[in-house]
Amino acid sequence: MDIPRAFRAKLLTESYWPADTSRQIIDWTLGQALREVAKDAPDRVALVDGVQDPALRRRWTYAELLADAERTATALLNRFEPGERVAVWAPNVPEWVLLLYGCAIAGVVLVTVNPAYKARELEYVLKKSRAAGLFATEEYRGHRMLETAGSLRSNLPLLRDITGLSDFEDFLNSGAKPVAFPEVKPLDPCVIMFTSGTTGAQKGVVLHHKGISNVNNFTQERGGLKHGGVYVSPMPMFHSGGLGHAGVGSVVRRATHVMAREWNPRVFLDLVASEGGTYTLLVPTMIEALLAVPELDQYELGTFKNMIAGAAVVEASLIERAHAKLGATICNIYGQTELQGVVSGVHPDDSAVDKAETIGQPMPGAEVKIADPQSGKVLALGEQGEICARGYQTMIEYFDMPEESAKTLKADGWLHTGDLGSMDERGFIKITGRIKDMIIRGGENIYPREIENLLLEHPRISKVAVVGVPDTYWGEQVGAFVIPRSMDDPPTPEQLHDFCRANLAPYKTPKLWYFVKEFPWTETGKLQKFKLVESIKKGEVTAVTVQTQ
């Protein structure tokens, strides 16, 4: 990678990273990016349908992908107007990519929908986005999706067209009327992606062409995806991990996108081996699953060189084991949908400590500060505050939610992430928690991440999540959800209490202990703490209280 040395050698005097301008931010649209690669490398494989049977894998060269994207755009413009919203509700299938670039060329805004959603959730997204069309798979995990979509039509007066993806070729052939493709500009909206619901109600994040293309170019470059590389992606296309990193990142890096239909460790390893995979994005639980495959040594993984990891920082021991067993480096990245997916990341040649303990330096073009959550003032190096970012990669808005948009994206251009962190003199950032996760007990601010990091050092704890539990006297009480390493031999609350008291101020020590077998996660590996709090309010879990003097 050609990373300017000055970028790596900056020394800061406060928790503020000025935007690095040594790299060009390209005025791309997704359609322009695809056309550029199709012109320069028309015969390079662009997309592979990563089904388990190699004989059934459909393939597109870049010339073929562009041709089918333009056919898709033509068919779309025979039914919809530029600027209208069209939703896709499906698991990983190649039609996602055709619709992504077809919509981009047609000036139609693509709305992503999680295929696991049921009728209530689907109706929310379609109504909130004011979708005019829906493309859906017929069935997913026993759910007859087209039937569900049809049953909602009376509640969705703006939804005038539903197409089953098994009829996609017929849809392409329906674009008989010649159309002129509209002029699409780099800052025009291209995708509405609904937040993953880790803190409650979802909001539709509106992304633009310039942001999603440049962010994914810089991110995959930093992660190690070379031009002509092979990106094997099991991440869902409704999420930025699949649609942004793989669907867009592969094109802007002139790479091959091998789309796994779903997450299966053995299928993933087979795709890497058989397709010559060089690169991927995984969350830590996926990496653990790969390392747990008994016959791992039987897969030929010589081409596999680089991984990026999101959703959670990867621990040092996992980075070491993954490199030893898989032969690939791991680079932590950080961001959120509102920042077109990513705002910072480590480099493959960063130190083991930086890889394990930080989420790296900001990406080119990103201005980042650690600020006082109330005043917005830049804090001193090493101090904890809110991570804020400004630049070309911020979202346009939350669709049709001006008040919520104004809370997150301020008039001065700073996007407030709601994440707590700190920055060192080199610009490396550490995540320390979420502002919304902060517990206020008797006027004292308590940050769950500090307590969680301590408890994870306990030898009998596998996973832990610390939450604020409503309390009539204290306002909030500290509660800890614990998954023991062994459910047959869990630690006692008294042992954990004493462990915390030996290392933390008394007011930070959890009073309420909840022993559970699993946590609620999103499909992309993010913990849904609000569901843990809901389980307390609903009486679904019972606390064990440690009585103290």
Side-chain angles (χ1 to χ4, degrees), residues 1 19-21 23-41 44 46-47 62 65-66 69-70 72-73 82 96-112 181-193 205-223 225-229 231 233 235 237 239-257 279 281 308 310 333 335-345 362-366 389 391-396 415:
M1 291 186 303
D20 171 57
T21 58
R23 307 297 304 285
Q24 182 183 6
I25 308 298
I26 303 175
D27 278 330
W28 260 331
T29 66
L30 295 184
Q32 286 174 319
L34 178 57
R35 288 187 176 114
E36 189 75 18
V37 187
K39 179 181 71 175
D40 293 346
R44 181 174 297 167
L47 178 64
Y62 269 102
L65 181 59
L66 175 60
E70 290 184 338
T72 302
W96 263 107
V97 177
L98 302 185
L99 284 162
L100 170 62
Y101 287 96
C103 284
I105 292 168
V108 171
V109 180
L110 176 71
V111 180
T112 69
F181 294 144
E183 179 186 1
V184 180
K185 298 178 181 178
L187 293 177
D188 285 347
C190 63
V191 173
I192 296 178
M193 192 172 291
V205 180
V206 184
L207 308 178
H208 53 74
H209 293 257
K210 183 176 180 177
I212 199 171
S213 55
N214 281 280
V215 161
N216 283 289
N217 180 39
F218 291 136
T219 300
Q220 304 343 305
E221 176 191 58
R222 185 169 297 186
L225 178 61
K226 301 184 184 305
H227 282 200
Y231 189 153
S233 175
M235 299 300 287
M237 284 293 293
H239 181 263
S240 60
L243 184 142
H245 289 278
V248 175
S250 294
V251 170
V252 295
R253 297 300 296 162
R254 299 166 181 249
T256 297
H257 174 192
Y279 184 87
L281 161 66
I308 52 175
I333 56 172
Q336 54 186 210
T337 309
E338 291 86 342
L339 289 166
Q340 314 276 348
V342 176
V343 74
S344 74
M363 293 292 168
Y392 76 91
Q393 83 280 19
T394 57
M395 68 175 182
I396 296 175
L415 189 140

Nearest heavy atoms of [X] and [Y], plus distance in Å:
X: Leu281; Y: Met235; value: O-CG, 3.6 Å
X: Ala366; Y: Val343; value: CB-CG2, 3.9 Å
X: Leu207; Y: Thr337; value: CD2-O, 3.4 Å
X: Met193; Y: Ser240; value: SD-N, 3.3 Å
X: Ala255; Y: Gly229; value: CB-O, 3.1 Å
X: Val252; Y: Ala33; value: CG1-CB, 4.1 Å

Okay, side chain of [X], backbone of [Y]: is any donor-acceptor separation there less than 3.5 Å?
X: Tyr279; Y: Ile308; result: no
X: Arg44; Y: Arg254; result: yes
X: Arg222; Y: Gly345; result: yes
X: Arg253; Y: Leu225; result: yes
X: Asn216; Y: Ile212; result: yes

Any side-chain heavy-atom pair from [X] and [Y] closer than 4.5 angstrom?
X: Ile25; Y: Phe218; answer: yes
X: Leu65; Y: Leu98; answer: yes
X: Val215; Y: Leu339; answer: no
X: His239; Y: Thr112; answer: no
X: Leu243; Y: Trp96; answer: yes
X: Lys185; Y: His208; answer: no
X: Gln336; Y: Leu415; answer: yes
X: Val251; Y: Tyr62; answer: yes

* Plane angle bin for His257 and Tyr231 - parallel if under 30°, tilted between 30 and 60°, otherwise perpendicular -> tilted
* Asked: Once you round to the nearest 0.5 Å, how far does CG of Asp40 lie from CZ of Arg35?
  -> 14.0 Å
* Asked: CE of Met237 to CG of Leu100: how many Å apart, nearest 0.5 Å?
  -> 6.0 Å
* **Contacts of type side chain to side chain contact (heavy atoms under 4.5 Å, CB included), residue Lys39, not counting sequence neighbours** => Glu36
* **From CA spacing to verdict: side-chain contact (heavy atoms from CB on, under 4.5 Å), Gln340, Met363** => CA-CA 12 Å; Gln340 314 276 348; Met363 293 292 168; over 6 Å; no
* Asked: Please walk me through it: do Ile26 and Asn214 pass side-chain contact (heavy atoms from CB on, under 4.5 Å)?
  -> CA-CA 7 Å; Ile26 303 175; Asn214 281 280; 3.9 Å; yes
* Which one of Val206, Val191, Ile192 satisfies the side chain to side chain contact (heavy atoms under 4.5 Å, CB included) criterion with Val109? -> Ile192
* **side-chain contact (heavy atoms from CB on, under 4.5 Å) assessment of Lys210 paired with Asp27** => CA-CA 6 Å; Lys210 183 176 180 177; Asp27 278 330; 3.0 Å; yes
